[in-house]
Structure formats: C-alpha cells, structure tokens
Amino acid sequence: MAKFMEMAAAIEEHVHDGDSVAMEGFTHLIPFAAGHEVIRQAKKRLTLIRMTPDLIYDQMIGMGCAEKIVFSWGGNPGVGSTHRLRDAVENGWPNKLEIEEHSHAAMANAYEAGAANLPFAVLRGYIGVDLPKVNPKIKSVTCPYTGEVLATVPALRPDVGIIHALRADREGNVLLEGIVGCQKEAVLASKRTIVTVEEVVETFGPRSPNAIILPSWTIGAIVVVPGGSHPSYAQGYYKRDNSFYIAWDKISRERDTFLAWMKENVLEKDTTIFAEHAKKLGLA
Amino acid sequence: MAKFMEMAAAIEEHVHDGDSVAMEGFTHLIPFAAGHEVIRQAKKRLTLIRMTPDLIYDQMIGMGCAEKIVFSWGGNPGVGSTHRLRDAVENGWPNKLEIEEHSHAAMANAYEAGAANLPFAVLRGYIGVDLPKVNPKIKSVTCPYTGEVLATVPALRPDVGIIHALRADREGNVLLEGIVGCQKEAVLASKRTIVTVEEVVETFGPRSPNAIILPSWTIGAIVVVPGGSHPSYAQGYYKRDNSFYIAWDKISRERDTFLAWMKENVLEKDTTIFAEHAKKLGLA
Amino acid sequence: MTQTFTPNEMMTITAARALRNEDVCFVGIGAPSAACNLARLTHAPLITLIYESGTIGTRPNVLPLSIGDGELCDTALTTVSVPEMFRYWLQGGRITVGFLGGAQIDRFANLNTTVVGDYHHPKVRLPGGGGAPEIATNCGEIFITMAMGKRAFVEKLPFITSMGHGVTGAERRALGVKSKGPTRLITDLCVFEPDAQTKEMTIVSIHPGVTREQIAENCAWAPAYAANVIETPPPTKLELEVLRDIQARTKAAHAA
Amino acid sequence: MTQTFTPNEMMTITAARALRNEDVCFVGIGAPSAACNLARLTHAPLITLIYESGTIGTRPNVLPLSIGDGELCDTALTTVSVPEMFRYWLQGGRITVGFLGGAQIDRFANLNTTVVGDYHHPKVRLPGGGGAPEIATNCGEIFITMAMGKRAFVEKLPFITSMGHGVTGAERRALGVKSKGPTRLITDLCVFEPDAQTKEMTIVSIHPGVTREQIAENCAWAPAYAANVIETPPPTKLELEVLRDIQARTKAAHAA
C-alpha cells in the first residue's frame with residue numbers, strides 16, 4: 001500500500017547512494033521536485049536512467065549525484081545541448097560519468113520488459129548503425145521460427161522508480177493522463193517507487209473505464225507537490241515553461257552560473273517553491 | 001482510410017475461403033453480427049483464431065466454416081461446453097477440425113507481437129505442463145544475458161481481423177472502451193480489417209486524451225450494426241445476454257436443434273435483427 | 001442453534017476464509033469468484049480482485065457469469081488490455097494468490113482441464129487451459145477449490161494443463177520456479193495442504209459431519225492425513241447470509 | 001511581384017511540398033515539425049502527424065518546442081504510451097514517412113547525431129540517436145532536412161547514428177531492410193534524391209538564385225548532379241504567409 005509522505009522523508013527512505021534510479025516522464029510530468037530533493041540530500045554514485053536526461057539529470061549530473069547515465073537522447077529539447085551532461089562526458093566535471101547509450105525504441109522496450117518481468121527485450125532495431133559497437137549490452141537473438149536475427153537489450157529493473165502524476169485518491173491510487181511516456185512501465189519495473197502528485201482527491205470520480213491508474217499497492221511512497229514537475233508540465237494543471245528551457249541554455253553553459261543558480265534555486269529552497277512556479281504558469 | 005460499407009459487401013470483399021480470421025472481443029464486444037454474415041455467405045476452410053471461441057465460433061464451426069481453430073479456452077463461459085466445437089474435435093462433425101491450442105498468456109503475447117511486427121513473442125510460461133508436447137509451435141529462446149530459457153510462440157498475423165467497437169466518427173476513427181481484450185492488437189496484427197460499430201457520431205467529443213482509438217487509416221471497412229455483438233455486450237449500450245448463454249447449452253447440445261436454430265435465427269435473418277436484441281437488453 | 005448448509009457452501013466459505021485484506025487475487029469463474037467476493041464482503045473488504053479480462057480492483061455487486069461481464073468493468077478501479085494483464089500484472093509477479101479450479105486433479109495438485117483420453121483423439125474435449133498454465137507459476141501461491149469425486153481426484157492425469165507440485169513433487173524447484181504453487185486445496189469435504197517435505201497434498205481439516213470413509217470414496221488415491229487433523233469451523237450465520245444473498249442476486253440478474 | 005524569402009524558408013517549404021494527404025508522418029522537432037505542419041495547413045490537410053511522445057493525428061496550432069508539448073496532446077486524436085508508440089506504430093510498419101534531421105550527413109544519407117571525435121573520448125558530445133536509428137529502417141521512406149555546410153555535409157561520418165543507404169549504398173538490401181530509406185534530402189540550397197543504381201544522394205533541383213559553386217563550398221564531397229536538374233519552384237505567397245504566421249504564433253507562445 002502506498003504511504004503518503006513528505007518529500008524529504010520519501011527520498012531519504014527510498015533513494016540510497018549507489019542506487020540505480022529511473023526518474024521518468026517523457027517531456028510531460030518530469031519529477032523535478034523529487035530531483036531537487038535528491039540534490040539537496042547530496043546523494044552520490046547514482047546510476048541515472050532516463051530516455052531523455054533533460055534538465056533534471058543535467059542538474060543532478062552537474063551537482064555530482066551521478067556516476068553513470070543510461071539514456072537515449074541527451075539534449076535540451078528544441079533548444080540545444082545539455083551542457084552539464086556534456087561537461088561531464090567531455091571533461092569529467094564534476095566527476096567522470098560512465099554512459100550507457102541506447103535508442104528510444106530500445107529504452108522503451110527495456111522498460112516494457114522490466115514491467116513484464118522478462119529478462120530482456122526484443123526489437124527490430126539497431127540495424128546498420130554504430131551504437132552496438134560501443135554498447136556491449138546490445139546483443140541479439142535468432143527467431144526460432146523464421147531465422148531472423150533481432151536486437152536485444154536487457155530489461156531495465158531500477159532500484160528506484162520516481163515519477164510525477166496528476167493526482168492520487170485517498171486510498172493512494174494514482175492517475176496519469178496525457179503524454180504518459182513510459183512512466184507506468186518505469187514504476188512497474190522498479191523495486192521501490194515514489195510518485196509525486198499535483199493533488200489528492202477524495203475519489204477520481206467519473207472517468208474512462210480504461211483510465212491509466214496505478215493501484216496503491218504498486219506504489220511505495222506518494223508525495224503531494226503541487227507544481228512538482230515545473231519547468232516540465234502537468235496536463236490540465238499548468239503549461240510547460242518553454243521560456244525556462246530556453247533560459248537554461250545560458251544558465252547551464254558555464255560552471256559558475258550553473259552553480260550559482262543551483263545554490264539560489266535548489267539548495268537554498270525547498271519543495272514549496274514548485275507551487276509558486278505552477279501558479280505563474282497555471283491554466284486560465 | 002476506412003470505408004463505410006454494408007455488412008454483406010464488407011464480408012464479401014475481405015473474407016475469402018481459406019483465410020485465417022481473427023474475430024476478437026474478450027467476452028465483451030464479440031462481433032456476432034459479422035460471424036453470422038460469414039455463415040450466411042457459407043465461407044469455407046477458414047482458420048479461426050480467437051482466445052475464447054465462445055458461441056461465435058461454436059456457431060461457425062457447427063455450420064462448417066472452419067478447417068482449423070487457434071484458441072486458448074474453448075468453453076461456454078460460466079455455463080459449460082461449447083458443444084459444436086466438441087462435436088467437431090471428438091467426432092469430426094460437420095468436418096474434421098484441426099486444433100492449435102495455446103494458453104491465454106501465449107495468445108495475448110502472440111497478438112501483441114503481431115501488432116508490433118515481431119516474428120515471435122517471448123513469455124515466462126508453459127512451465128511444467130503438457131501443451132508444448134502436443135503443440136510444436138511452442139518453442140524457446142535463451143536469454144542472451146541471464147541464460148534463462150523462455151517460451152516462445154509465433155506472432156499472430158491473421159489475413160483478416162474483425163472486431164466490434166462502440167462507435168466511429170465521420171472520418172472513420174473507431175473508439176473502444178471497457179474490457180478491450182486484445183482487439184486493438186488483433187486489428188493492428190491483421191492484413192485486412194473489418195470493424196462493426198454500434199453507431200456513427202459526428203465527433204467523439206470530450207474524452208480522455210488516452211482514449212483507445214484506432215485511427216481510420218488502420219481500418220479497412222467499417223459496418224454500422226447496432227446490437228452487433230449480441231449476445232455479448234457493448235459497454236454503455238446494452239448488457240450481456242447471460243440467459244442466452246445459458247440457453248445455448250441446450251440449443252447446441254444436439255445437431256438437430258442446433259441446425260434448426262441456425263436456420264431460423266441466422267440463415268433466414270439478416271443483420272437488422274441485432275438491433276432488436278439490443279433494444280431488449282438496452283440500459284435504462 | 002442448528003445452521004444447515006450444503007457441502008458446496010462449506011467449500012466456498014472455507015475458501016473465502018483463506019483470503020486476506022492484503023491479497024491481490026487473480027480470480028477464476030465459478031467457486032473461486034464466489035469465494036473471493038464473499039471474502040471481500042465479509043472479513044477482507046480491502047482485498048484486490050483481478051479478473052483476467054483486465055479488470056483491476058473490481059467490486060461486483062452480482063457474481064459475473066463470464067470472466068468479462070460488464071459488472072466487473074463498471075466496478076473496477078481500472079481496466080487494462082488482456083495482453084497487458086498477462087504481461088505486466090500476472091507475469092509481472094504482482095499477484096499474491098491465484099485461484100484455480102479444474103476438471104481433474106492429482107495428489108500433487110496438478111490440474112487437467114484439457115482432455116480426457118488421448119489429446120489427438122479425445123474421449124472428452126474439455127475447454128483447455130485459458131489463463132491457468134501461467135497463473136500456476138506466476139502467482140505467489142495457488143488456492144484450488146474443487147468438489148471431490150473419483151473421476152475428479154484421479155491417480156494419474158491424462159494431461160497436465162497447469163502444474164501444481166509436478167508429477168513427483170520436486171518439479172517446481174527443478175524447473176527454477178520460485179513461487180509456492182498450490183498451498184491450499186479446498187474441497188466440499190475437507191481441506192488439503194502440501195506436505196512440507198513431499199509436497200503431496202495432505203488433509204489438514206475435515207468439514208463438520210464428513211467422515212474419512214466419505215473422503216476415501218471420493219478420491220481415487222489414498223489421501224494422506226496430517227498428524228493433527230482439525231474439524232473445519234462451520235459457516236457462521238453472517239458468512240451464510242452474505243453468500244446466499246450474493247448468489248440470489250446473481251441468479252436473478254442472469255435469468256433476466 | 002518580388003517575393004523575398006530566406007534559404008531556411010525555402011528549405012522548409014520545399015520539404016512541406018513533398019508530403020501528401022495520405023501520408024502518416026513521424027515528425028522530428030525543428031525544421032521537420034515546421035514542414036509537416038506547413039503541409040497540413042496548406043496542400044495536405046488530411047496528413048496524419050505522429051510525434052514520438054505518443055501523440056497520434058495531432059494538429060498543433062503552435063509549433064511545439066519539445067517533442068512532447070501539451071499542445072500536441074491537446075490536439076491529437078489520441079495519445080499512446082511511448083513503448084506502444086515504438087512497438088505498435090513505428091516498428092509496426094504503419095508510418096509512411098519518417099522525417100529526420102542531423103548534425104552530420106554523408107553522401108549516402110547516413111546521419112550522425114551522436115559524437116564528433118572518438119565515442120569514448122568525444123570532442124563534441126551530441127544528443128544521440130533518440131528515435132532515429134529505428135525511424136530510419138521502420139518507416140516506408142525517409143525525408144531529411146538539413147542546412148548545408150562543410151562541417152555538416154562530410155566525407156566520412158565519425159559515427160553512424162542512423163542508417164541511410166549505408167557506407168557503400170548497398171547495406172540496406174544486404175541487411176534485409178525492406179523500407180526505402182532516404183528518398184529526399186532537402187537542404188537550404190538544393191534537393192537531393194538517391195541515384196537509382198548507386199544510391200548516392202544526387203542533386204535533382206536547385207533553389208532559385210543558388211549556384212553550383214555555392215553548393216560545392218558547402219559540401220565536403222563533390223556532389224553528384226542528375227542529368228536533368230531543375231530549379232526548385234520558389235515559395236508561393238500562401239506558403240510563405242502560412243509559414244511565417246505559424247512561426248510568429250510559436251515565438252510568441254514560447255516567449256510567454
């Protein structure tokens with residue numbers, strides 16, 4: 001059964017130094033508030049798993065939380081580079097960063113296989129490209145019926161899965177909607193889970209019979225954080241802060257400006273600032 | 001793009017003697033009206049694919065449409081036997097019936113693999129049981145990472161997929177809701193497709209952003225048949241006719257009573273009777 | 001106070017008692033469905049019931065006739081596709097108890113629901129396995145409920161549809177299966193549990209008024225008895241009332 | 001009537017023209033997104049646009065900054081999960097046109113968006129492949145849009161992120177890939193199509209006012225020309241208006 005917790009306690013209980021952590025959300029519902037708490041608690045040597053590292057892992061990498069990253073597209077979407085990720089890979093700052101790189105299709109299949117309790121995923125992919133030459137985890141199987149050789153990747157089974165969702169009900173069931181990425185799979189594939197939500201409601205009320213709901217008993221901790229995915233967004237609550245994504249390019253380009261921003265906006269703040277962001281970007 | 005058609009024309013165009021046909025719907029939304037039209041057109045030598053043959057295939061088998069059945073549970077749910085299926089398997093009446101038998105998990109995975117354009121599916125299944133001894137299609141692969149041996153089944157890629165859905169919009173997009181079984185997978189795995197629907201609406205209107213919708217360009221023909229899944233049901237339109245499922249046991253037990261019922265209720269009727277059934281079982 | 005009850009009611013009520021609030025239960029149709037919903041309506045209101053049609057956390061007011069009646073979807077927390085149900089939920093290892101029945105069972109609780117006679121030339125063609133082969137290995141443990149009889153409780157199965165403890169009792173471990181398999185077999189006469197060593201299903205409790213002779217007459221092998229066999233506590237007034245109530249509602253609904 | 005336009009506008013408009021009403025298009029961010037939506041708002045109103053974030057049949061009023069802006073979901077026919085998008089829709093073989101860009105391209109339209117320099121000790125670490133490796137082989141055909149320049153149009157790629165026609169032009173067939181691969185490369189100066197025999201990308205059309213010298217200066221290899229090279233028709237008034245209009249709306253929306 002999911003336990004309603006405060007952010008600091010949830011991260012303390014579920015995220016340990018050296019863990020593999022998947023903080024998912026495909027552009028939508030990225031769990032920034034949880035990421036900031038991981039930074040404040042100065043977690044170390046994490047293996048950070050995410051299809052798109054996005055700003056959340058750029059920040060965590062720049063603050064020295066990560067020793068390895070598993071990813072499939074590492075840029076600032078529509079803007080350019082994730083400079084802290086680049087600085088770590090190109091120059092080893094603030095520490096050397098090991099990378100395990102996949103395609104989107106392979107990562108998505110690897111989460112899917114993890115959720116399905118399979119040891120590996122099969123895909124028609126990685127054909128004629130160089131990634132298998134530099135990532136020894138990409139292997140193959142032969143179809144027992146047709147003889148076709150298909151690519152495989154190991155299932156993802158993170159120690160901790162963290163997502164942001166729209167709302168929980170009093171029983172701790174959690175509802176997602178909109179661009180749902182591979183969040184459900186990330187939760188179901190992980191050993192421990194934290195879900196941050198915009199709000200708690202008495203019941204979900206009238207809804208599609210096929211609404212995407214994670215039952216309470218699939219979740220470890222629920223943390224209520226209005227605005228918890230800013231500068232990403234929460235469908236029906238507030239918009240993506242595209243201007244911040246654009247601004248991040250300048251903030252993150254140099255180590256000094258990055259560190260100053262993190263000090264002022266993360267280290268010296270707490271989870272409550274997210275509600276303020278959300279208010280500014282709230283839907284009419 | 002989906003083409004709106006009359007039932008007779010749709011079956012004539014898309015279902016040919018000797019085809020493999022998947023008419024899916026897991027208890028809910030079973031495409032009975034389409035099945036009856038296949039019987040009226042006296043299609044022959046079909047390979048009938050369905051997780052649960054249910055009454056629809058019991059009727060088609062008894063009327064001599066099938067030469068093979070691919071299935072995972074062949075009974076009258078909650079009632080007992082599908083007598084026509086049994087008579088074909090046990091006594092070869094009205095003709096010999098080849099069977100290819102799977103578990104539900106394997107069939108569901110085989111549709112899923114078909115929809116995903118993979119040649120086979122992998123599952124943790126068929127452990128310690130006798131089905132692999134009598135079904136040579138069940139094979140195995142070895143996980144390239146852990147060495148674990150897992151079961152495989154070939155992907156299902158039917159010639160024709162036929163489902164019943166709730167409604168289509170004017171553009172020919174189709175919406176499903178409720179117990180959706182493996183209908184989406186069956187459509188996406190099939191070479192040609194027919195979807196029967198309860199009604200056509202101008203637009204779907206307000207709905208979950210993740211509503212289960214098959215775009216028009218994934219569908220061959222759409223046929224409007226109110227009540228088209230009776231005695232199965234359509235969520236929000238009419239209820240499952242459980243009393244008919246119970247009555248079928250007696251109707252189908254003997255060849256005579258079966259043939260008399262089929263003559264009166266299928267051969268001498270047309271698609272319009274389904275609307276009458278639905279009216280009787282309609283929701284308040 | 002004399003409370004009369006049928007063997008079938010005793011079976012369903014005993015099965016219901018084995019379920020707990022914290023269970024996530026994969027429910028089959030028939031006696032399992034009645035037992036699971038009885039548990040939910042009596043001592044285990046928070047139990048999670050899942051039907052293979054995709055309905056998760058369902059709370060039917062009437063017992064479904066089929067595994068996919070609309071009632072199951074109407075009262076569920078959510079409904080997922082069947083491929084998802086078998087991949088993420090069953091194979092995903094999220095089910096604590098799988099509830100099975102069958103046409104035939106052997107002393108190691110292997111089940112047959114496929115054929116009587118030769119598979120290719122069957123004497124009786126049964127419905128087949130459905131979800132059972134994977135329920136049997138992917139759930140934390142398995143409860144089985146079946147009425148006894150010499151044609152049902154057989155020395156050797158003509159076909160193993162789903163594995164219990166295997167043909168010798170050692171197969172689960174040998175095949176690398178980590179789940180427990182059948183931990184309870186609840187019949188209309190008594191309750192079996194696997195012996196800790198041999199895994200043979202062993203009688204641990206006998207229903208009120210039932211004799212060992214009766215059991216012997218309804219079992220094709222000589223069943224083992226535990227050192228301490230107790231009498232199954234009879235149905236309580238509440239259990240009987242709730243069960244009869246839901247069965248009456250069900251009958252009325254399906255006859256409509 | 002003199003209509004002025006930038007090379008970038010010419011590129012986007014030319015790319016848009018290649019799209020048809022009946023296409024199902026897997027759209028990347030940037031120039032591909034602008035081209036696809038321009039097509040939708042001009043000559044191909046029925047085109048189906050799919051973004052890898054899961055949005056199917058989307059009709060954004062403003063160009064998204066990211067591949068998953070809310071605008072895409074709000075205006076979509078439906079939105080599926082990312083595993084489903086890659087399994088059922090892309091790998092499922094349902095996409096007619098995949099639209100790619102990249103940091104570097106070679107004469108066989110292989111693309112690099114991974115690294116400049118050695119993979120393990122990169123000079124420049126680029127974002128990586130994302131959806132591209134599987135888009136390149138699973139879509140019916142591929143359109144590529146990129147601005148020319150000697151650092152982008154290179155003799156030899158340091159890393160093949162997604163396959164075009166392979167390093168010799170014969171690899172698709174050799175690897176059993178049945179889709180067509182890059183059939184059109186639309187740049188700010190000209191349009192390439194693969195030679196029917198060699199599969200080398202060959203210039204078939206030059207944008208108005210552009211010279212062969214200019215093209216040579218912006219390509220690290222000596223590009224092949226088709227027997228009949230035409231002049232690309234200049235943007236129409238409508239095309240330019242619609243493009244500028246959506247770009248103005250987009251800029252206003254993202255700056256807010």
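Numbers restart at 1 for each chain; the letters A, B, ... are given by sequence-line order, proteins then strands.
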Test of ring centre spacing under 6.0 Å for A:H28 and A:Y233 = yes

So which residues of residues 180-190 of chain A are in contact with chain D at a heavy-atom cut-off of under 4.5 Å?
-> A:V180, A:G181, A:C182, A:E185

Does a sphere of radius 6.0 Å around CZ in A:R255 hold more than 12 heavy atoms from other residues, nucleotides or ligands, not counting ones at 6.0 Å or beyond?
-> yes

Show your reasoning for whether salt bridge (charged side-chain N to carboxylate O under 4.0 Å, His left out) applies to D:R107 and D:E200.
-> CA-CA 6 Å; D:R107 73 178 72 212; D:E200 178 173 340; 3.6 Å; yes

Okay, A:R124 and chain D: the region with an atom under 4.5 Å from a heavy atom over there is both

Is any side-chain N of the basic residue among D:D106 and D:K156 closer than 4.0 Å to the acidic one's carboxylate O?
-> no

Under a 4.5 Å heavy-atom criterion, the part of residues 93-103 of chain D in contact with chain A comprises none

Within a strict 4.5 Å, meaning less than it, do heavy atoms of the D:D118 and D:K123 side chains meet?
-> no

Please flag which part of A:M107 lies under 4.5 Å from any non-hydrogen atom of chain D: side chain, backbone, both or neither.
-> neither

Report yes or no: is the cationic atom of D:R184 (NZ for Lys, CZ for Arg) under 6.0 Å from the centre of the six-membered ring of D:F143, at an angle within 45° of the ring normal?
-> yes

Tell me whether the centres of the aromatic rings in A:F274 and A:F32 are closer together than 6.0 Å.
-> no

Salt bridge (Lys or Arg N to Asp or Glu O under 4.0 Å) partners of A:E112, counting only residues at least two apart | C:R87

Can A:R253 be said to sit on top of A:F258's aromatic six-ring, NZ or CZ under 6.0 Å from centre and within 45° of the ring axis?
-> no

Can you say whether the rings of A:W248 and A:F244 are parallel (under 30°), tilted (30 to 60°) or perpendicular (over 60°)?
-> tilted

Hey, which of D:T113, D:V124, D:V80 has the most heavy atom pairs under 4.5 Å with chain A?
-> D:V124

What part of A:L85 is in contact with chain D, defined as an atom under 4.5 angstrom from a non-hydrogen atom: side chain, backbone, both or neither?
-> neither

Hits for side-chain contact (heavy atoms from CB on, under 4.5 Å) against A:P94, two or more places apart or cross-chain, chain-then-number order -> none

Carboxylate-amine/guanidinium proximity below 4.0 Å for D:D245 and D:R249 | yes

Does any heavy atom of chain A fall under 4.5 Å from the side chain of D:E134, the backbone, both, or neither of them?
-> side chain

Is chain A contacted by the side chain of D:S53, its backbone, both, or neither, given a heavy-atom distance below 4.5 Å?
-> both

